[in-house]
Amino acid sequence: MGNLPFGSLCLDNRPKKKKKKINAKMAQPHVALFPCTGMGSLIPFLRLAANLAARGCNVTVITLHPTVSAAESDQISNFFSLHPHIKRLQFQPLSPENSKFLIGDPFFLQVQAISNSVHLLDPILAALSPPLSAIISDLQVAGSMCRFASQKSISAYVLATTSAMYFSLMAIFPKLTLQKGGGKFQANTHLELPGLGAVPVSSIPVPMLNSNTFLSELLDANIPCLSKVKAILINSCADLESETIEALNSGRAIPDLAPVLAIGPLQSFEDDKAPNLPWLDEQAPESVLFVSFGSRTALPIGQILELRDGLEKSGCKFLWVLKTNRVDKDDKEDVETILGESFLERTKEQGLVVKGWVNQDQILAHPAIGGFLSHCGWNSVTEAARLGVPILAWPLFGDQKLNAKVVEKAGIGLWADWGWCGDVLVAGDDIAKKISELTTNEKIRVRAKEVKEKIGQARESGGDLDVLLGGLIDQLKPTEK
Ligand code: UDP
């Protein structure tokens, strides 16, 4: 019969009674995973899906159609061609209704469209075969998924795709806003989070500081289910943020929170391959700074030019993924036009600038990479941590400042606190100085390697993470009704 995919049907002539008994004994979970918009959510969900399937689960992944970025759609196609036994359920949200909020970001617009139409998934999920035993969703749709799960008496889980630190802030925020009467918070002050310590107001994303924003409304709608889900899976680990994870699980930080299982860093679902970049192959070990600000962040053009100057002045070898538009489909200008031919000519030995999608995980694993100038999207942080690459954190939006705080506290990088993106123009000289601070910091280099090793040990058979994931599979199994 060859290798049948897990989801395939096959004819079985054995007497029905016997078959039933075997099925009941060997019942495997059928889990639906529901990522939200953007690569930052999609990638960890696909990684978890591959991991659960490799451990024998039936897995269905709900994918959005159409996706905002071309990268999401490519990633989805690649994933299903590598994992034909994982089922795909395409979901096309209704077009967004007129919103009371001004939403300029196409990724947030899609989140809103999903929030408005997620109920349409109920009958489709209810009809899946074999019946679902659990659903794991992004926090942004967790309220609806939790409601569905409770109606069907199955388990609901949330996969948090950010740091435990930022997750804590989100989880506590509706309560804090309530305490403050929905008012604004004072700049230049700290918020004392129970069990978590002081968080500077300047590190909290601006839309969270105002109760009349889409983000605040989204949190208000979804945070209450965090006490109802069976567990919160978080793409983090004790080597990065043990205190926060412990505080969350002790009930000190947020009362009534479901157990938090730190199942990270989630590993790539692709084979380890070298990136197809001959320039990188020629460079000395750990000599190159990888520069990338993730999948949906484009620096303003003036800042791109300062970064260009800073990289050149630092004298450090660099591999820079240049992005000039939030959505990749609209990112059309070529490198020469943006950076100038003379710069490219002068730095042709020192660096390589690329545009478009690269496989970041493969690049970070390359022996020539010795540092990562990153916006600190949480996936980027976990990838660098897993691969032992020191980080120069330049957070720009959203959760990134708190993620940068985690990087600094874990000792695997430096944080250049230059405000939110666009607040100030960071000069090339300052960027060059920070780069050399990172590249000459032996302590961080050693610590990054140590964290890599510990993460590797946890993943090994019988390691902490392996055991945790095994326990999770048991939890996901269908309960007898
Ligand atoms: N990524 C990549 N190639 C790119 C840009 C991004 O592989 O050219 C991946 C990166 O490895 C990470 C994800 O996209 O897994 C981006 O997620 P992150 O949380 O770091 O940042 P976001 O893009 O959500 O801001």
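Fair warning: this is a prediction, and the values are worked out from it, not measured in the lab. Atoms within a ligand are numbered from 1 in the order they appear, just like the ligands themselves.
Listed by first and then second residue, the ring pair (Phe, Tyr, Trp, His ring centres under 6.0 Å) pairs involving residues 380-412 are Phe293-Trp394, Trp394-Trp418 (not counting sequence neighbours).
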Anything under 3.5 Å between an N or O on ligand 1 and a protein N or O? List each pair with its distance, or write none.
from: ligand 1; atom 1: 3 (N); to: Val358; atom 2: O; distance (Å): 2.6
from: ligand 1; atom 1: 7 (O); to: Val358; atom 2: O; distance (Å): 3.2
from: ligand 1; atom 1: 7 (O); to: Gln360; atom 2: N; distance (Å): 3.2
from: ligand 1; atom 1: 8 (O); to: Val358; atom 2: N; distance (Å): 3.3
from: ligand 1; atom 1: 11 (O); to: Gln360; atom 2: NE2; distance (Å): 3.2
from: ligand 1; atom 1: 11 (O); to: Glu383; atom 2: OE1; distance (Å): 2.6
from: ligand 1; atom 1: 11 (O); to: Glu383; atom 2: OE2; distance (Å): 3.2
from: ligand 1; atom 1: 15 (O); to: Glu383; atom 2: OE2; distance (Å): 2.6
from: ligand 1; atom 1: 17 (O); to: Asn379; atom 2: ND2; distance (Å): 3.4
from: ligand 1; atom 1: 19 (O); to: Trp378; atom 2: N; distance (Å): 3.4
from: ligand 1; atom 1: 19 (O); to: Asn379; atom 2: N; distance (Å): 3.1
from: ligand 1; atom 1: 19 (O); to: Asn379; atom 2: ND2; distance (Å): 2.9
from: ligand 1; atom 1: 20 (O); to: Ser380; atom 2: N; distance (Å): 2.9
from: ligand 1; atom 1: 20 (O); to: Ser380; atom 2: OG; distance (Å): 2.5
from: ligand 1; atom 1: 21 (O); to: His375; atom 2: NE2; distance (Å): 3.1
from: ligand 1; atom 1: 23 (O); to: Ser295; atom 2: N; distance (Å): 2.7
from: ligand 1; atom 1: 23 (O); to: Ser295; atom 2: OG; distance (Å): 2.4
from: ligand 1; atom 1: 25 (O); to: His375; atom 2: NE2; distance (Å): 2.9

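A cation-pi geometry, defined here as NZ or CZ lying under 6.0 Å from the six-membered ring centre and within 45° of its normal, does not hold between Arg326 and Phe107. Annotation: cation-pi pair Arg296/Phe108 present, NZ/CZ under 6.0 Å from the ring centroid and within 45° of its normal.
Among Lys405, Lys401, Lys434, the single residue meeting the salt bridge (charged side-chain N to carboxylate O under 4.0 Å, His left out) criterion with Asp417 is Lys401.
Using a 4.5 Å heavy-atom cutoff, the side chains of Leu219 and Met208 are in contact.
Salt bridge absent: Asp334 and Lys355 never bring a charged side-chain N and a carboxylate O closer than 4.0 Å.
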